[in-house]
Amino acid sequence: MIAIVDCNNFYASCERVFNPKLEGRPVVVLSNNDGCIIARSNEAKALGIEMAMPAFQIEPFLQKHHVAVFSSNYVLYGDLSERVMNTLATLVKEIEIYSIDEAFIDLSGYREDLTELGFRIRRKIKQWTGIPVSVGIAPSKTLAKVANKIAKKSGGVHLLADPESIRQALEKLPVKDIWGIGGQYSKFLKSYGILTALDLTRAKDAWIQKHMTLVGLRLVKELRGESCIELDTEPAPKKAIGTARSFGQMLSDFETIAEALANYAATCARKLRQQQSCANMLTVFLETHPFKEDLPQYFNSKVITLPVATNYTPEIVHYAKQGLKAIFKKGYQYKKTGVIVSGLVPEDQVQRNFFDEADRGKQRALMKVMDAINDTMGKDRVRLLAQGYDRKWKLRQERLTPCYTSRWEELLTIDVDKK
DNA sequence: TCTGGGGTCCTAGGACCC
DNA sequence: TCTGGGGTCCTAGGACCC
C-alpha cells in the first residue's frame, strides 16, 4: 500500500501558522509579481475564487469579502515544507518528496491499522508544524491520489483498499480530476463518451496506448489497482535548471534587462553548484507582454553551447549576456527574460579541451568561498557588479509577510499586555 | 515493372505535474 | 496600473551508422 500526504492549501496554511487571526477567514496567496491567485483557504474556495485568477480582476471582490491577500513568500514556504517532511520522516521510513507540499510513502510491511497510522501522521504534523495535512492510502500512487481527494472532503484520512470501495470512488470521479489527465486528454476522452475514472478503467489497453502513449496506459493500470509507478526515494539530479521572472514594470533598455538577467544567470549557477553539476548549454529568452495586445509583440531565444561545461558564475553570466545581445531588439517594451542551463554533467566529470586556458581549480575555490559567505551572511552579500544595485526590474511584492523562521531580524515578536 | 534490413542518437513538440 | 515559475516524460521523425 502507498499513501500520499498532502498539505491542505499549503501556502495559505503557512501564512496562518504565524497569524492565527486568519483562522476562519478567507486567505489567498498570489504568484510572483502579485499576479495570479495560486493558493486559497477553504473559505476562499467557498467564495468561488478559482485557481489562477488574475488578482487585479477580482480586487473589489476580495475587498468586499475581507479576503486576506498575501504575496508569495517562498523562503517561508520552503522552510515549513522542510519541517513537514522532517516530521513525516520520524514516523515512516520510505519517503518520496514529490513536491513542496506532498510526499508519497511506502506502507508495505506495516502491520498496524493504516487508517490509524494516517491519523497519527496528521496529528503529529499539525502539532509540530501547525500545518494541516490530508492522507490518502491505496494500492497505487494514482489511487492514493484519489483517496486523498476524498480525505480532503471527509475526515482528513481515507483508505481505499477493497475493490468495491475503489469502484465506487472511481464512478464518482470525473476524468479531468485524475492525476495525469489534463485539459487535452479530458476533452479527447469526453468525445469518446469516457466521462469518469471508472469508464476509463474499462477502455482497451491498445486503444489507450495508441491515443495516450505508455504514460496513459500506466495510469489506467494504476486506476485498476496495479501499481506501476514506483516510489522514488532518491530523485536523480535535475537535467535542466531555469530561472526566469516577469519584471515589476515594462523595460525597454538593454542595460536594465541585462542586469536582471545577470541575477537569474547567477541563480542558475548557484543551483548548479548545489547539485554539483556543470552545464554544457545555456538558453536565453526575452519576451514582451503577451496580454498587451495593442503593443508590438516579440519573442526570441538563443541557445549557446559553452566551450567547456561550467558552473562558474562569472562565466554563466558572461554567456547569458552574450545571448541577450544576440536577441535584444530596440523599440520593444519587455516584460520577462530568463536563462535555462542544460546538458548537465556531474562537476567532477567535465570534459576539458586542449584550448581551454581557464584555471578551473581556482574558479571552483572562488565559488566555494563566495557561497560560504552568502550562505552565512545573506543572499548576494558577495555578487558580481553585473548584478547591479538599483533593481529597477524587481518584482512587485506588496503584501509580503516576514520570513518568520529563517531571518533573525524577522522573527515573530509577541507584545505582552502589561498590567 | 523490380533498389534491404537493423540499428542508434538527437531534437522538437505535446502532454502532464506542482 | 494589473495576467507566475519550474520541471518531467514520451513519441515521431530526421540524420546517421553498418
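The chains referred to below are lettered A, B, ... by the order of the sequence lines, with proteins before strands, and numbering in each begins at 1.
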Compare side-chain N and O positions of A:Lys176 against OP1 and OP2 of B:dC16 and report whether any pair is under 4.0 Å apart.
no
With distance as the sole test, does A:Ser31 use its side chain to make a donor-acceptor pair with the main-chain N or O of A:Cys36 at under 3.5 Å?
yes
Any A:Ser246 side-chain nitrogen or oxygen under 4.0 Å from OP1 or OP2 of C:dG5
yes
Say we look at B:dC17 and C:dG4: how far apart would their C1' atoms be, to the nearest angstrom?
15 Å
For a quick test of reading the model: is some side-chain N or O of A:Arg396 closer than 4.0 Å to OP1 or OP2 of C:dT1?
no
What do you reckon, is NZ of A:Lys271 surrounded by more than 12 foreign heavy atoms closer than 6.0 Å?
yes
When you look at NZ of A:Lys45, are more than 12 heavy atoms from neighbouring residues, nucleotides or ligands closer to it than 6.0 Å?
yes
Check whether any side-chain N or O of A:Lys336 sits under 4.0 Å from OP1 or OP2 of C:dG5, and answer yes or no.
yes
Once you apply a heavy-atom cut-off of 4.0 Å, does A:Ser72 come out as touching a base, just sugar-phosphate, or nothing?
nothing
When the distance from CD1 of A:Ile208 to P of C:dC10 is rounded to whole Å, what number comes out?
17 Å
For the side chain of A:Lys271, starting at C-beta, report the closest nucleotide among C:dT1, B:dC18, C:dG7.
C:dG7
Could you tell me how far apart A:His211 (NE2) and C:dC10 (C1') are, to the nearest whole angstrom?
16 Å
Touch class at under 4.0 angstrom, heavy-atom based, for A:Ile100 against every strand present:
nothing
Report which part of the nucleic acid A:Ala240 touches: base, sugar-phosphate, or nothing (heavy-atom distance under 4.0 Å, all strands).
sugar-phosphate
Length of the CG-P vector between A:Leu214 and C:dC9, whole Å:
13 Å
Is any side-chain N or O of A:Lys335 closer than 4.0 Å to OP1 or OP2 of C:dT3?
yes
For the pair made of NZ in A:Lys141 and P in C:dC9, what is the distance, rounded to whole Å?
12 Å
Just checking A:Ile181: base, sugar-phosphate only, or nothing, at a heavy-atom cut-off of under 4.0 Å?
sugar-phosphate
Give A:Glu59 one of three labels, base, sugar-phosphate or nothing, depending on what nucleic acid heavy atoms sit under 4.0 Å from its own.
nothing
Just checking A:Gly216: base, sugar-phosphate only, or nothing, at a heavy-atom cut-off of under 4.0 Å?
nothing
What is the distance from NZ of A:Lys239 to C1' of B:dC10, rounded to the nearest Å?
14 Å
To the nearest angstrom, how far is A:Asn33 atom CG from C:dT1 atom C1'?
12 Å
Tell me which of A:Ala244 and A:Thr213 sits closer to the 5' end of DNA chain C, going by the nucleotide each one is nearest to.
A:Ala244
On DNA chain C, does the nearest nucleotide to A:Pro54 precede the nearest nucleotide to A:Val215 from the 5' side, or the other way round? Give the residue.
A:Pro54
Looking at A:Glu23, I want to see if its CD is surrounded by more than 12 non-hydrogen atoms of other residues, nucleotides or ligands under 6.0 Å.
yes
Can we say A:Arg218 and A:Glu222 salt-bridge, meaning some charged N sits less than 4.0 Å from an Asp/Glu carboxylate O?
no
NA contact type, A:Ile178, heavy-atom cut-off 4.0 Å: base, sugar-phosphate, or nothing?
sugar-phosphate
